[in-house]
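Since the structure comes first, as structure tokens, the remarks are kept for the end.
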Amino acid sequence: MQHAREDPRRRLLKRHNDNPLLTAYDWPYFVNTVFNTGAVQLPSGETLLLVRVEDCSGLSHLCAARSKDGVTDWKIDPEPTLSPDPEHHPEELWGIEDPRVVWVDELDMFAITYTCYSQRGPGMSLALTKDFKTFDRRGILFPPEDKDAALLPKRIDGRWAVIHRPLPAHQPAHIWISYSPDLRHWGDHKIILHARNGAWWDANKIGLSPPLIETPEGWLMLYHGVRMTPAGCIYRLGLALMDLEDPSRCIRRCTKWIMGPEAEYERTGDVGGVVFPCGYTIGDDGDTMHLYYGAADTSIALATGSVREMLAWLEENSTPGDSAAE
Ligand code: BMA
């Protein structure tokens with residue numbers, strides 16, 4: 001008998017047949033693993049992945065891979081594209097990880113938010129680029145521990161907004177928003193999505209996955225929930241819809257996860273049981289999402305879905321507002 005969760009009709013996100021798309025064996029230089037990746041479409045139409053690469057020291061850097069169709073024939077930079085720079089940025093001493101990339105019209109630049117791994121734990125940094133060759137590093141925005149950040153691609157009421165996930169010494173860990181007039185000074189910090197309690201799939205620890213997706217109904221958020229089990233953590237994905245004018249206001253939030261580790265390459269690897277998307281591209285139809293995710297902290301995989309279907313599903317499988325205390 002087929003298990004319900006294996007029923008493809010229930011899947012909002014369909015895994016690509018060629019998964020995993022990229023592994024360490026595809027890399028032009030020797031590395032341990034390639035996994036959590038930002039993704040954008042370049043003006044040329046190419047897909048660019050900004051990949052977290054872990055070398056055999058255990059530290060990570062970022063490397064760009066480009067492909068015409070977003071699936072095959074990847075042209076990978078022959079050496080690291082963005083390396084930790086602890087001399088000028090001591091907060092990058094133990095590497096840089098998990099980039100989220102958005103195109104920002106007003107700046108005429110891509111904004112990359114990434115984890116900087118400092119001696120005091122992971123914090124969150126910002127760099128700007130036009131071409132993924134030269135970078136304007138803006139340094140650390142939020143001190144440790146903080147991760148899973150993405151800039152909104154435009155100002156909200158005149159201010160920049162970043163979604164992020166501080167990690168307090170004692171869980172739970174919730175998703176926050178912070179605002180800035182200049183991308184430098186940040187304030188008005190506010191929790192926008194609480195980790196649930198008890199046995200929920202998204203209890204105790206949640207975080208933003210890729211950058212928010214602007215839709216006519218609101219900002220669609222894909223977030224991860226970390227289920228802690230005696231055998232280790234399970235990273236799954238869920239949906240929330242945030243108000244377009246006020247992204248700190250959650251309109252509705254899913255009750256069930258939409259994707260979890262099922263395939264062999266998601267269950268087995270350096271950290272099994274992890275699907276971790278940091279980026280997507282949207283097809284020419286304005287609806288098809290190509291979601292790139294790290295699988296088991298070991299490879300890069302692709303799943304495709306319809307934003308419209310996700311919104312419709314959310315209507316049926318959600319509770320209004322943040323609804324965390326239940
Ligand atoms: C999270 C992040 C991710 C990683 C995941 C599973 O805390 O550090 O980079 O993929 O854990 O190990």
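Counting starts at 1 for both ligands and their atoms, in listed order. Values reported hereafter were calculated over all heavy atoms of this structure, with side chains retained and with hydrogens, waters and symmetry mates removed.
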Atom indices of ligand 1, in the order listed, that fall short of 4.0 Å to a heavy atom of R52: 9 (O)

Is NZ or CZ of R52 both nearer than 6.0 Å to the six-membered ring centre of F35 and within 45° of the ring axis? no

Just to confirm my output: which protein heavy-atom neighbour is closest to atom 11 (O) of ligand 1, and how far is it? Y235 OH, 3.0 Å

Carefully, step by step, assess R66 and D77 under the rule salt bridge (charged side-chain N to carboxylate O under 4.0 Å, His left out). CA-CA 9 Å; R66 296 167 175 82; D77 280 359; 3.1 Å; yes

Heavy atoms only, cut-off 4.0 Å: how does N36 contact ligand 1, side chain, backbone, both, or neither? side chain

Does an N or O from D98, backbone or side chain, lie closer than 3.5 Å to an N or O of ligand 1? yes

The closest protein heavy-atom partner of atom 10 (O) of ligand 1 is D297 OD1, 2.6 Å

Lys/Arg-Asp/Glu bridge criterion (N-O < 4.0 Å) met for E92, R137: yes

Residues K130 and D108 bridged, charged N to O under 4.0 Å: yes

Give a yes or no on whether a salt bridge exists between R253 and D202, defined as a side-chain N under 4.0 angstrom from a carboxylate O. yes

Are any of the N/O atoms on K147, whether in the backbone or the side chain, positioned under 3.5 angstrom from an N/O atom of ligand 1? yes

